2 protein chains.
Amino acid sequence: MARQKEEKLRQVLEYIQHYVAENGYPPSVREVGKSVGIKSTATVYTYISALRDKGFLNKADNKKRAVSLKSNAVNIPLIGTVTAGQPIFAYENYEDYYSLPSEEFGGDDLFMLRVSGSSMIEAGILNGDKIIVHRQENANDGEIVVALVDDSATVKRLFRRDGKVILHPENETMSDMIFDDVKILGKVVGLMRSFRT
Amino acid sequence: MARQKEEKLRQVLEYIQHYVAENGYPPSVREVGKSVGIKSTATVYTYISALRDKGFLNKADNKKRAVSLKSNAVNIPLIGTVTAGQPIFAYENYEDYYSLPSEEFGGDDLFMLRVSGSSMIEAGILNGDKIIVHRQENANDGEIVVALVDDSATVKRLFRRDGKVILHPENETMSDMIFDDVKILGKVVGLMRSFRT
DNA sequence: ATTTTTTATAAACATTTGTTTGCGTTTTTG
DNA sequence: CAAAAACGCAAACAAATGTTTATAAAAAAT
């Protein structure tokens, strides 16, 4: 009966996936059992635990319907407004969620920002674009970063020269900003644009 | 106390959205209450019921954590390769799925394509970008389209002059392509870029 | 100010559901 | 075939959680 188990595990996982897709919330242990043809909740329980141990899903202890699939998507919040004083990751600032494949934008601490202005036009970042930012306090020379200048977030390419920090706009008509120090909010790792109005 | 209610409803809905995005499964009534600052489960219960009645979410009776959001996302397939003979929307060509907010990219018949080449660089469309395309056979003057030229998909701005179709690259170093007729695959409605390797 | 309506609370109740335990059954192993 | 391991089951238990009811507090209306 060694093979049976693998087969059952697959069935259970598949059912959970379907159930979540259909209902928007996870199934209970008993619902899984009924559908897969297992009469004991204990058996289902061990299967689900096994799936968790193998890393196919997440499971919170003692909570009802608290399994979730390891999806290959990350949910990234769009930050409405960056306020200087408050932490970026405060719920109140979340305007929307975007769900993107994690292979591409993987990792934690991601957020999105709406770009205003055309200072990065030559890097292909236009006014109105939404940039995907990895939150970090530092960045390497030449990387595109989001920095806090005058209490608002600005996107520029970062350089360090002679102990100074240079925020370089990719736009011929604009000139570099030079600082002794600058607060970096994160590094730009992606971008999204909509041509709709 | 008339206004309070609307505000609380909004808070509850927002919290549920955040919770689901973070955890993959819905919150319990008590968790909602704790976060929104309502001490009675009964109050939360009425709010959730109200949200269901107003159509903001689905809710199953007597089940734990069985609320689900009315999904506002569209799943858009990334088309691996465009083959001249075969229909674009053949499953075999689907390379991945991207789930994006429908307010922004709403509608059916959307697909994504990977851009190769830099013919649209001045429109902010770079080599390696993924464009979001609405499938349609026609487009208006001045719109950016995906057209089939020599059995492969190309992205250009479309113009019609004197009965001819002009595919105009947004790149100084390249020149227009002029045809009597051209097969249009769709109109570009969005774009996604990843700065990762 | 008084009445009415709305909103919030606490407490109790009813179910669902996660988890554990012990025992039977099947499959594998030697 | 016998022993061991793996698997499944039922039943019971323990929590978490949805739901209802009666009551208090607050806000709005009169």
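Chain letters run A, B, ... following the sequence lines, proteins first and then strands; every chain starts at 1. What you see is a predicted model, and the numbers here were worked out from it, not measured in a lab.
Applying the salt bridge (charged side-chain N to carboxylate O under 4.0 Å, His left out) criterion to Glu137(B), with sequence neighbours excluded, gives Lys183(B). Here Glu122(A) pairs with nothing under the salt bridge (charged side-chain N to carboxylate O under 4.0 Å, His left out) rule; sequence neighbours left out. Listed by chain and number, the residues in a salt bridge (charged side-chain N to carboxylate O under 4.0 Å, His left out) with Arg114(A) are Glu95(A) (sequence neighbours excluded). Looking at residues two or more places apart in sequence or on another chain, you find no salt bridge (charged side-chain N to carboxylate O under 4.0 Å, His left out) involving Asp53(A). Qualifying side chain to side chain donor-acceptor pair (under 3.5 Å) partners for Asn171(A), counting only residues two or more places apart in sequence or in other chains: Thr173(A).
The stretch residues 27-35 of chain B touches DNA chain D through Ser28(B), Val29(B), Arg30(B), each having a heavy atom within less than 4.0 Å of the strand. DNA chain C lies under 4.0 Å from no heavy atom of any residue of residues 12-22 of chain A.
Annotation: the span from Asn75(A) atom CG to Gln17(B) atom CD amounts to 11.5 Å, rounded to 0.5 Å.
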Under the side-chain hydrogen bond (donor to acceptor under 3.5 Å, both in side chains) rule, what do Lys59(A) and Ser49(A) come out as? Steps first, then yes or no, please.
CA-CA 8 Å; Lys59(A) 174 183 179 307; Ser49(A) 299; 5.2 Å; no
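Per the geometry, CG belonging to Asp61(A) stands 13 Å off P belonging to dA15(D), to the nearest Å. Put simply, CZ on Arg65(A) is 17 Å from P on dA16(D), counting in whole angstrom units. Distance Leu57(A) CG to dG18(C) P: 13 Å, rounded to the nearest Å. Distance, Tyr47(B) OH to dG18(D) P: 18 Å, rounded to whole Å. Look at NZ on Lys8(A): it is 19 Å from P on dA6(D), rounded to the nearest Å. As rounded to whole Å, 12 Å separates atom P of dA11(C) from atom NZ of Lys39(B). Lys59(A) places its NZ atom 7 Å from the C1' atom of dG18(C), with the value rounded to the nearest Å. Taking atom OH of Tyr45(A) as the reference point, atom P of dC9(D) lies 18 Å away to the nearest angstrom.
Residue pairs that meet the salt bridge (charged side-chain N to carboxylate O under 4.0 Å, His left out) test with at least one member in residues 31-52 of chain B, sequence neighbours left out, are Lys63(A)-Glu31(B), Glu31(B)-Arg65(B), Arg52(B)-Asp61(B). Every pair passing side chain to side chain donor-acceptor pair (under 3.5 Å) that includes a residue from residues 124-133 of chain A is listed here, sequence neighbours excluded: Asp129(A)-Arg193(A), Lys130(A)-Glu104(B).
Residue contacts for Ala42(B): at a heavy-atom cut-off of 4.0 Å it reaches a base atom on one of the strands shown. Contacts of Lys64(B) with the nucleic acid, taken as non-hydrogen atoms under 4.0 Å apart, include base atoms.
A donor-acceptor contact under 3.5 Å links the side chain of Thr41(B) to the base of dT19(D).
Each of Lys63(B) and Val44(B) was matched to the nucleotide of DNA chain C holding its nearest heavy atom; the match closer to the 5' end belongs to Val44(B).
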